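These numbers come from a predicted model, not from an experiment.
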Amino acid sequence: MKRALVAMSGGVDSSVSAFLMKEAGFDCTGVTMRLFDNEDAGMEREKSCCSLDDVEDARAVANRLGIPYFVFNFKADFKRCVIDRFIEAYECGATPNPCIDCNRFLKFERLYRRAREIECDYIATGHYARIEKSGGRFLLKKAKDLTKDQSYVLYSLTQEQLAHTKFPLGEFEKSEVRKIAEEHGFVNAKKHDSQDICFVPDGDYAKIIELHTGKSYPHGNFVGIDGKILGEHKGIIRYTIGQRKGLGLALPEPLYVCEKRIDTNEVVLGRNEDLFSREFNVTDINWIAFDAPPEKFRASAKIRYRQKEQPAEIIKDGENKVHVVFDEPQRAITSGQAAVFYDGDTVVGGGTII
RNA sequence: UGGGAUGUCGCCAAGUUGGUUAAGGCACAGGACUUUGACUCCUGCAUUCGUGGGUUCAAAUCCCGCCAUCCCAG
């Protein structure tokens, strides 16, 4: 019997994924990763993912399934690989996606290694995505339920990881997953779906950055495309490309963040149409569909979660970089975000936008 | 001190031949969406129109005084 380590966050999805793994005949062990202290998140109330409440939910489900359950303390790794990188990205003027780092470094690296150490053949998670073997390769594909598809946040998976990973929810609709949870009396069957960044439960990520670094980020100028000073911003880490709300400026028309200039501590504001562009560069790439990409190929590129991928030409640019040219200009291409390339429902690869 | 102009929600700004509940945008707040940040969507947001009188069945809209601001002239 194959052994599987099932990552259980305490939510419905991973609970049902544990159930399905057991049904499929795996010898399962449930585990919740302890990633941070709530005090670090400035929260006295536990209501984010992987909090103590969630641990209790996960434990309850594991008990119901009759599988062993553990909590692994990955706080140090999480700080180093997710929180610190998150902060660094913002300090450099980029806009990071910490969920992607968490998948890359925690779930499918740290947890995967631990799984191997305790002689598990697979790790299983509640992600909505599919893994298919084709020829000698493992391919990452979109979920059947396209409204829940999470293949975007999984582009970093290597062939070895894909070979030892199961996504039991890939063939299910979300509604079916909830139904399964209800039928089996899981405590979290009706639990609310999502949250913000798990270590920033109230959404104020700038506050968390200041809490961690002990720094405060200097105010500076909002300037127009024409260079005219429009007002004062409250620290450059508080803004991201395409942002409209929270500028605190009362102008005759809505303005959006078009550019962040770290060197001069300026935030450039412009109109919505000023946000569109068609070319950008991607680095730190992981290819899934092949070991090395062709010099040039066409694909659909997705530049943020929950946005439909758009046709583009991908041009190799050095070892671990590509240049991307969209057929049509896209809004607010943002450095730090992930660009993921698709061929139909297959993830070709992805990387970080520079 | 003369001459002119203006004064409507935190900001911008419709509405001024008088007539039900004072447009809209920005900002802000709350919610939806969502395993990132954003975007987007929904809801809320001046019983009151610088101020004090007057005319009228009825005034932000007409009349008078006052106050404030801006411009020109000196």
Side-chain angles (χ1 to χ4, degrees), chain A residues 7-14 17 33 35 47-51 54 82-83 85-87 89-104 106-107 125-129 143 145 147-156 167 169 174 177 191-209 222 230-234 236-260 267 269 271-276 302-308 330-340 350 352-353:
Chain A
M8 299 177 72
S9 67
V12 217
D13 291 332
S14 55
S17 124
M33 299 184 290
L35 299 175
K47 62 178 182 189
S48 67
C49 107
C50 313
S51 70
D54 293 310
V82 180
I83 298 180
R85 283 171 60 89
F86 175 82
I87 292 168
Y90 265 111
E91 290 187 336
C92 292
T95 303
N97 184 333
C99 293
I100 285 179
D101 279 344
C102 181
N103 286 331
R104 177 178 177 180
L106 270 291
K107 293 193 187 85
T125 71
H127 285 108
Y128 286 83
D145 185 344
T147 67
K148 296 299 295 180
D149 173 55
Q150 293 174 314
S151 57
Y152 172 83
V153 293
L154 298 167
Y155 76 84
S156 70
F167 297 138
L169 305 188
K174 177 75 185 198
V177 170
K191 193 163 167 181
H192 199 279
D193 247 16
S194 55
Q195 62 278 322
D196 299 323
I197 301 172
C198 66
F199 57 94
V200 187
D202 65 351
D204 190 349
Y205 69 83
K207 186 179 76 187
I208 297 299
I209 292 176
F222 281 124
L230 298 173
E232 189 189 67
H233 75 240
K234 298 199 281 284
I236 207 159
I237 61 165
R238 291 173 185 277
Y239 308 95
T240 186
I241 306 301
Q243 179 174 337
R244 167 181 177 175
K245 296 288 178 184
L247 303 181
L249 297 179
L251 299 158
E253 60 179 349
L255 288 186
Y256 302 81
V257 174
C258 290
E259 186 187 345
K260 300 205 289 181
V267 175
L269 266 27
R271 289 192 281 195
N272 193 54
E273 50 263 41
D274 296 321
L275 286 166
F276 286 79
K302 178 163 168 160
I303 53 171
R304 55 169 53 74
Y305 194 68
R306 278 196 309 287
Q307 177 170 95
K308 190 162 170 41
Q330 300 297 313
R331 183 181 182 279
I333 301 172
T334 305
S335 73
Q337 294 286 291
V340 178
T352 306
I353 297 170

How many Å lie between CD1 on A:I241 and C1' on B:U36, as a whole number?
15 Å
Tell me the interatomic distance from A:K260, atom NZ, to B:A38, atom C1', rounded to whole angstroms.
11 Å
Whole-Å gap separating C1' (B:A38) and CD (A:E259):
17 Å
Measuring from atom SG of A:C198 to atom CG of A:D196, what distance do you get when rounded to the nearest 0.5 angstrom?
10.5 Å
N/O donor-acceptor pair under 3.5 Å between A:K191 side chain and A:G10 backbone:
yes
With rounding to the closest Å, how many angstrom separate the P atoms on B:A29 and B:G15?
31 Å
For A:Y239, check ring-ring contact (aromatic ring centres under 6.0 Å, His included) against everything at least two apart and list the hits.
A:F222, A:H233
Expressed as a whole number of Å, how far does the C1' atom of B:U20 sit from that of B:A58?
11 Å
Between protein and nucleotides 22-24 of chain B, what N or O pairs are separated by less than 3.5 Å?
none

B:A60 and B:U69, which share atom name P, separated by this distance in whole Å:
26 Å
With C1' as the reference atom in both, quote the distance from B:U56 to B:G74 in angstrom, rounded to an integer.
44 Å
Looking across every strand, which nucleic acid part, if any, lies under 4.0 Å from A:Y90 by heavy atom: base, sugar-phosphate, or nothing?
sugar-phosphate
Which atoms of nucleotides 7-14 of chain B (N or O only) lie under 3.5 Å from a protein N or O atom, and what are those distances?
none

Roughly how many Å is it from CD1 in A:I197 to C1' in B:A38, rounded to a whole number?
11 Å
Taking only residues two or more places apart in sequence or in another chain, which ones pass side chain to side chain contact (heavy atoms under 4.5 Å, CB included) with A:Y305?
A:Q150, A:Y152, A:V153
What is the nucleic acid contact for A:Q307, judged by heavy atoms within less than 4.0 Å: base, sugar-phosphate only, or nothing?
nothing
CD1 of A:I87 versus P of B:G37: gap in Å, rounded?
16 Å
A:S151 (side chain) donor-acceptor with A:D149 (main chain) under 3.5 angstrom:
no
Looking only at heavy atoms, which two atoms of A:D13 and A:V177 are closest? And how far apart?
OD1-CG1, 3.7 Å
Return the set of residues passing ring-ring contact (aromatic ring centres under 6.0 Å, His included) with A:Y155 (not counting sequence neighbours), or none when no residue passes.
none
With sequence neighbours left out, what residues match A:S14 under side chain to side chain donor-acceptor pair (under 3.5 Å)?
A:S9
In whole Å, what separates the P atom of B:A5 from that of B:A46?
33 Å
Can you measure A:R238 atom CZ to B:A38 atom P for me and round it to whole angstrom units?
11 Å
Within the 4.0 Å heavy-atom criterion, would you say A:P96 contacts the bases, only the backbone, or no part of the nucleic acid?
base
Nearest-Å distance once atom C1' is located in both B:U48 and B:U21
12 Å
Using the test ring-ring contact (aromatic ring centres under 6.0 Å, His included), find all partners of A:Y256 that sit at least two apart in sequence or belong to another chain.
none
Results of side chain to side chain contact (heavy atoms under 4.5 Å, CB included) for A:E273 - residues two or more places apart only
A:R271
Step by step, would you call A:K207 with A:D202 a salt bridge (charged side-chain N to carboxylate O under 4.0 Å, His left out)?
CA-CA 10 Å; A:K207 186 179 76 187; A:D202 65 351; 2.7 Å; yes
Intermediate values then yes/no, side chain to side chain contact (heavy atoms under 4.5 Å, CB included), A:L251 and A:E253
CA-CA 5 Å; A:L251 299 158; A:E253 60 179 349; 5.5 Å; no
Can you tell me which stems RNA chain B forms when a stem means 3 or more consecutive Watson-Crick or G-U pairs under 3.5 Å?
B:1-7 with B:67-73, B:10-12 with B:24-26, B:28-32 with B:40-44, B:50-54 with B:62-66
Not counting sequence neighbours, list each pair that qualifies as a salt bridge (charged side-chain N to carboxylate O under 4.0 Å, His left out) and has a residue in residues 238-250 of chain A.
A:E210-A:R238
Which of these, A:V12, A:T125, A:L169, sits in a side chain to side chain contact (heavy atoms under 4.5 Å, CB included) with A:S17?
A:L169
Roughly how far apart, to the nearest Å, are B:C28 and B:C64 at atom C1'?
40 Å
Full working for side chain to side chain contact (heavy atoms under 4.5 Å, CB included) between A:Q307 and A:Q337:
CA-CA 12 Å; A:Q307 177 170 95; A:Q337 294 286 291; over 6 Å; no
For A:Y152 and for A:G248, find the nucleotide of RNA chain B with the closest heavy atom, then tell me which residue's nucleotide is more 5'.
A:G248
Calculate the interatomic distance between A:I100 atom CD1 and B:U34 atom P; express it in whole Å.
18 Å
Ranking A:K107 and A:E253 by the position along RNA chain B of their nearest nucleotide, the one closer to 5' is A:E253
In whole Å, what is the span from the CD atom of A:Q337 to the C1' atom of B:U34?
13 Å
Considering only heavy side-chain atoms of A:H192, the closest of B:G37, B:C33, B:U36 is B:C33
Heavy atoms under 4.0 Å is the rule here; annotate nucleotides 39-44 of chain B 5' to 3' with B where the base is hit, S where only the sugar-phosphate is, and - elsewhere.
SS----
In whole Å, what separates the P atom of B:G19 from that of B:C12?
26 Å
Using the salt bridge (Lys or Arg N to Asp or Glu O under 4.0 Å) criterion, which residues pair with A:E232? Sequence neighbours excluded.
none
